[in-house]
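Worksheet: the structure to be examined is printed underneath.
Letters go in sequence order (proteins before strands), and every chain restarts at 1.
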Amino acid sequence: DVKVTQSSRYLVKRTGEKVFLECVQDMDHENMFWYRQDPGLGLRLIYFSYDVKMKEKGDIPEGYSVSREKKERFSLILESASTNQTSMYLCASSLAQNQPQHFGDGTRLSIL
Amino acid sequence: QKEVEQDPGPLSVPEGAIVSLNCTYSNSAFQYFMWYRQYSRKGPELLMYTYSSGNKEDGRFTAQVDKSSKYISLFIRDSQPSDSATYLCAPRDNFNKFYFGSGTKLNVKP
């Protein structure tokens with residue numbers, strides 16, 4: 001089974017802080033994704049990566065950046081956290097671009 | 001208009017009931033359709049997926065796609081309390097982008 005591990009289940013940060021969310025997958029998947037999930041809005045794609053050192057903007061990249069230095073690790077960075085970034089953040093990976101994505105258990109981030 | 005619409009529920013049914021969960025979508029180019037199950041405080045887990053129109057069965061679960069109506073259904077037979085979760089539909093377009101519905105919450109009462 002694919003294992004996608006997110007480093008923190010719950011995180012509380014203050015506005016203006018730089019926040020790092022880490023994600024690791026153990027199945028040698030090429031593709032990795034970051035989503036946020038908000039009630040009534042579903043999953044919205046923030047950034048994705050199809051290869052090491054490569055990144056593409058999703059639908060809502062503003063206020064975020066990403067880093068993929070190693071194939072198994074994909075980090076989401078909130079450059080200067082704001083209260084509207086309080087959300088559930090989900091990391092996912094897939095073997096190929098057209099294959100289903102496998103998700104981690106999420107990080108519930110609160111920005112105070 | 002959203003790409004994918006789901007009734008948020010909650011849908012409450014007694015144990016043993018047949019459950020029907022539905023999605024509508026707007027993009028006629030969608031070819032590949034997934035269903036995810038998400039338990040509280042967990043990430044979505046892939047339940048099943050199907051290509052194009054027709055039915056696909058996996059145990060107590062049946063996925064049905066009607067492309068002419070742009071309508072996707074997930075049927076659960078002999079529902080169990082352990083089926084209580086939020087169900088997300090997720091079609092994919094020709095550019096390999098997945099669109100996730102906001103989910104329908106299901107409660108199966110013992």
- Task: Say whether B:Met48 and A:Leu95 are linked into one hydrophobic cluster, either directly or through other cluster members, by side-chain heavy-atom distances under 4.5 angstrom.
- Result: no
- Message: If you count every heavy atom of other residues, nucleotides or ligands that lies below 6.0 Å from B:Lys97 atom NZ, does the total exceed 12?
- Response: yes
- Query: Any chain of hydrophobic side-chain contacts (each under 4.5 Å) joining B:Phe33 to B:Tyr87?
  - Reply: yes
- Item | Main-chain N/O of B:Arg41 paired to A:Arg9 side chain as donor or acceptor, under 3.5 Å | yes
- Out of curiosity, does B:Leu47 fall in the hydrophobic cluster containing B:Leu106 (side-chain heavy atoms, cut-off under 4.5 Å, transitive links)? yes
- Note on the structure: Whatever's closer than 4.5 Å to a heavy atom in chain A on B:Pro44 counts as both
- Message: I need the A:Gln99 CD to B:Met34 CE distance, nearest 0.5 Å.
- Response: 10.0 Å
- Task: Identify the heavy atoms of A:Pro100 and B:Leu46 that sit nearest to each other, and give their distance.
- Result: CB-CD2, 3.5 Å
- Item | NZ/B:Lys56: more than 12 non-hydrogen atoms of other groups inside 6.0 Å | yes
- Item | Part of A:Tyr89 within contact of chain B (heavy atom distance under 4.5 Å) | neither
- chain B contacts: which residues in residues 31-67 of chain A have a non-hydrogen atom closer than 4.5 Å to it? A:Tyr35, A:Gln37, A:Gly40, A:Leu41, A:Gly42, A:Leu43, A:Asp59
- Note on the structure: Residues joined to B:Phe95 in its hydrophobic cluster, side chain to side chain under 4.5 Å directly or through other members, sorted by chain and number, are none
- Looking only at heavy atoms, the pair that brings A:Gln97 and B:Phe98 closest together is O-CE1, 3.7 Å
- Determine, using the 4.5 Å side-chain heavy-atom cutoff (strictly less than), whether A:Phe103 and A:Phe74 are members of one ILVMFWY cluster. no
- Message: Using a 6.0 Å cut-off, check whether atom CZ of A:Arg14 has over 12 heavy atoms from anything other than its own residue.
- Response: no
- Query: Rounded to the nearest 0.5 Å, how far apart are CG of A:Leu90 and NZ of B:Lys42?
  - Reply: 12.0 Å
- Query: In terms of heavy-atom proximity below 4.5 Å to chain A, should B:Tyr36 be classed as side chain, backbone, both, or neither?
  - Reply: side chain
- Query: Given the rule that I, L, V, M, F, W and Y join up when any side-chain heavy atoms are under 4.5 Å apart, are B:Phe75 and B:Ile72 in one cluster?
  - Reply: no
- Message: So for B:Gln38, is it side chain, backbone, both, or neither that comes closer than 4.5 Å to the heavy atoms of chain A?
- Response: side chain
